[in-house]
Trainee: 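Please read through the structure below; I'll follow up with questions.
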Number of protein chains: 2
Amino acid sequence: MLELIEQLKADILNGALPRGCPLRQQELSVRYNVSRIPVRDAIAQLKNQGWLVTHGKAGVMVPELNWREAEDLYQMRMALEVQLLGHALPNLTHEVLGRAKDINLQLNNPCLTLLERGQLNWDLHATLYEVANRPTLFNVVAILNEQVRRYMGFQYGPLNYRDTSQNEHEKLISLIESDQKDQALRYLKGHIEVAGRMLVDYLKNEN
Amino acid sequence: MLELIEQLKADILNGALPRGCPLRQQELSVRYNVSRIPVRDAIAQLKNQGWLVTHGKAGVMVPELNWREAEDLYQMRMALEVQLLGHALPNLTHEVLGRAKDINLQLNNPCLTLLERGQLNWDLHATLYEVANRPTLFNVVAILNEQVRRYMGFQYGPLNYRDTSQNEHEKLISLIESDQKDQALRYLKGHIEVAGRMLVDYLKNEN
DNA sequence: AAATATAAAAATGTATACATTTTTATATTT
DNA sequence: AAATATAAAAATGTATACATTTTTATATTT
């Protein structure tokens with residue numbers, strides 16, 4: 001069923017499932033070659049995580065992208081990820097920071113789609129957050145980042161953002177390495193804030 | 001199915017479903033007089049919201065209470081509810097504040113269980129937050145408060161907390177009425193912090 | 001003709017039956 | 001006797017069939 005969820009998410013992202021019109025369990029069960037039971041399970045899960053919303057009293061649909069939601073998601077990320085990094089700081093060994101650097105190098109690759117870039121970006125952040133040992137907080141942050149993925153299905157923003165974001169990661173890691181805790185936390189906050197503002201501005205201009 | 005979820009939550013709270021040992025879909029379906037399908041649906045939902053956790057590779061169980069989780073929940077509440085109230089402040093008319101005051105009066109009733117008190121407490125907070133018009137943020141905050149309910153199934157803490165909490169609500173509302181925004185936000189933060197610390201201290205001493 | 005009421009169709013929700021996976025008990029090996 | 005391998009039992013996962021609810025199309029009323 002996890003696989004089915006991923007397929008649905010992929011088809012939501014690539015536009016194979018149209019926004020705004022109801023999805024029928026039967027159609028989906030034909031499309032993915034399973035019965036309606038796993039389809040129902042997957043729909044319930046995706047509804048919980050904001051990938052689908054109810055359509056009337058029966059049925060669900062892919063929601064429209066919406067800048068207010070994006071703003072909320074980034075505001076929550078800002079508040080919670082700063083907390084999480086704060087808990088992680090005392091446990092961030094050079095080994096962990098090394099793993100983060102390796103991921104950041106992969107972000108160099110210019111062929112990455114925005115979606116792949118988003119995945120690596122989360123992998124990097126998650127590497128830092130994991131050592132916080134705060135599963136409840138981590139879990140909420142993970143869900144928020146997964147929800148943000150809904151907004152990464154298409155290219156947006158200025159082209160040079162790639163380098164900006166990558167440099168920001170480098171700066172963040174070096175602040176942590178040199179034990180400048182408060183500055184690292186403020187820097188992370190700014191990093192998320194900038195990414196959020198770029199997305200929100202883009203969404204506002206689209207409509 | 002929503003009814004089934006509520007029944008399960010109630011039975012988790014009152015201890016009818018034991019912690020730590022696996023719950024079987026079959027047993028639950030007999031207990032609640034439904035087939036395994038709605039039981040499965042309910043279990044999935046409760047797992048998503050922290051009321052159940054997986055037990056090995058097959059099965060779920062009621063998780064033990066755990067002070068680190070409680071601490072995380074209250075830290076998240078602190079950060080996010082302050083944001084939410086901030087968005088709500090410009091829209092908080094006297095009518096809305098009046099509704100909040102009416103709920104606070106009900107908290108006078110000394111016969112309330114901690115659980116009923118928790119419900120009214122959330123009703124009050126939700127009244128203020130609703131006018132923020134931030135459904136995504138509101139939804140996360142609502143889920144956090146629902147998760148906190150898991151920790152309210154039993155009596156704890158000093159007996160005079162009732163009055164303390166109620167006075168804090170009064171103070172918060174009066175700060176809002178007199179348009180002292182920053183102080184209102186800081187006061188809310190403290191209000192949640194105190195409640196969280198009380199719970200966490202209690203949980204730490206229990207074990 | 002617009003608004004409401006009724007009936008048919010189509011959707012979702014749930015029960016039962018079967019398939020697959022996981023767990024537990026037993027047998028075998030070292 | 002402890003550790004591993006095997007077989008039986010019991011669990012979860014999924015397909016199909018039926019029940020209930022919702023939607024849509026048609027008929028009726030004002």
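Just so you know, these numbers come straight off a predicted model, no measurement behind them. Lettering of chains follows the sequences in order, A, B, ..., and the numbering in each one begins at 1. Quick note: numbers below take in every heavy atom, side chains included, and nothing from hydrogens, waters or symmetry partners.
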Trainee: Categorize B:L23 for me: base, sugar-phosphate, or nothing, with a 4.0 angstrom heavy-atom threshold over every strand shown.
Mentor: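 Answer is sugar-phosphate: B:L23 comes under 4.0 Å of backbone atoms only.
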Trainee: Applying the Watson-Crick and G-U wobble criteria at under 3.5 Å, what pairs with D:dT16? Answer none if nothing qualifies.
Mentor: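 Answer to the pairing question: C:dA15, which forms a Watson-Crick or G-U pair with D:dT16.
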Trainee: Any salt bridge between B:R99 and B:E130, counting N to O under 4.0 Å?
Mentor: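 Salt bridge flag = no for B:E130 with B:R99.
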Trainee: Report the distance from atom CE of B:M61 to atom P of D:dA11, rounded to the nearest whole Å.
Mentor: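 For the pair B:M61 CE and D:dA11 P, the rounded distance is 18 Å.
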Trainee: For the pair made of OH in A:Y32 and P in D:dT14, what is the distance, rounded to whole Å?
Mentor: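 It works out to 16 Å between those atoms.
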Trainee: In whole Å, what is the span from the CG atom of A:D41 to the P atom of D:dG13?
Mentor: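 It works out to 8 Å between those atoms.
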Trainee: Choosing from C:dT14, D:dT14, C:dT22, which nucleotide comes nearest the side chain of B:S35?
Mentor: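 Out of C:dT14, D:dT14, C:dT22, the nucleotide with an atom closest to B:S35's side chain is C:dT14.
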Trainee: Of A:H55 and A:P38, whose nearest nucleotide on DNA chain D comes first from the 5' end?
Mentor: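 So the residue in question is A:P38.
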Trainee: Can you tell me the pairing partner of C:dT30 across any strand shown, Watson-Crick or G-U wobble, with both distances under 3.5 angstrom?
Mentor: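 Paired with D:dA1.
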Trainee: Between A:E3 (CD) and D:dG13 (C1'), how many Å, whole number?
Mentor: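 After rounding, the reported distance stands at 14 Å.
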Trainee: Taking atom P of C:dG13 as reference, at what distance in whole Å does atom CD of B:Q45 sit?
Mentor: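 The answer, rounded to whole Å, is 13 Å.
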Trainee: For D:dT23, what is the paired nucleotide under Watson-Crick or G-U wobble rules, both distances under 3.5 Å?
Mentor: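 Its partner is C:dA8.
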Trainee: Establish, from distance only, whether the side-chain atoms of A:N48 and B:Q49 form a donor-acceptor pair under 3.5 Å.
Mentor: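 Not at all, the side chains of A:N48 and B:Q49 share no donor-acceptor pair under 3.5 Å.
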Trainee: Identify which nucleotide among C:dT12, C:dA15, D:dT12 has an atom closest to any side-chain atom of A:I37, counting heavy atoms from C-beta outward.
Mentor: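 Closest nucleotide to the A:I37 side chain: C:dA15.
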Trainee: Whole angstroms only, please: what is the CG-P distance between B:L4 and C:dG13?
Mentor: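 In whole Å, C:dG13 P and B:L4 CG are 14 Å from each other.
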Trainee: Looking at A:E146 and A:R149, does any basic side-chain N land under 4.0 Å from a carboxylate oxygen?
Mentor: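 Salt bridge flag = yes for A:R149 with A:E146.
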Trainee: Considering only D:dG13, C:dT14, D:dT22, which nucleotide approaches the side chain of B:R40 most closely?
Mentor: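 Nearest to the side-chain atoms of B:R40, counting from C-beta on, is D:dG13.
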Trainee: Quiz question: by atom type and distance under 3.5 Å, do the side chains of A:D11 and A:Y32 form a donor-acceptor pair?
Mentor: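 A:Y32 and A:D11 do have a side-chain donor-acceptor pair below 3.5 Å.
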Trainee: What's the CD-P distance between B:Q25 and D:dT12, to the nearest Å?
Mentor: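 So the CD-P distance, B:Q25 to D:dT12, works out to 4 Å.
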Trainee: Any chance the side chains of A:H87 and B:Q75 put a donor and an acceptor closer than 3.5 Å?
Mentor: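 Indeed, the side chains of A:H87 and B:Q75 share at least one donor-acceptor pair under 3.5 Å.
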Trainee: Can you tell me how far P of C:dG13 sits from CG of B:L2, to the nearest Å?
Mentor: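 Checked: the CG to P distance equals 11 Å.
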Trainee: Here's a test of your reading of the structure: between A:A58 and B:Q26, which maps to the more 5' nucleotide of DNA chain D?
Mentor: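 Checking each residue's closest nucleotide, the 5'-ward one belongs to B:Q26.
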Trainee: State which of D:dG13, D:dT14, C:dT12 makes the closest approach to the side chain of B:R36.
Mentor: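 So the side chain of B:R36 is nearest to D:dG13.
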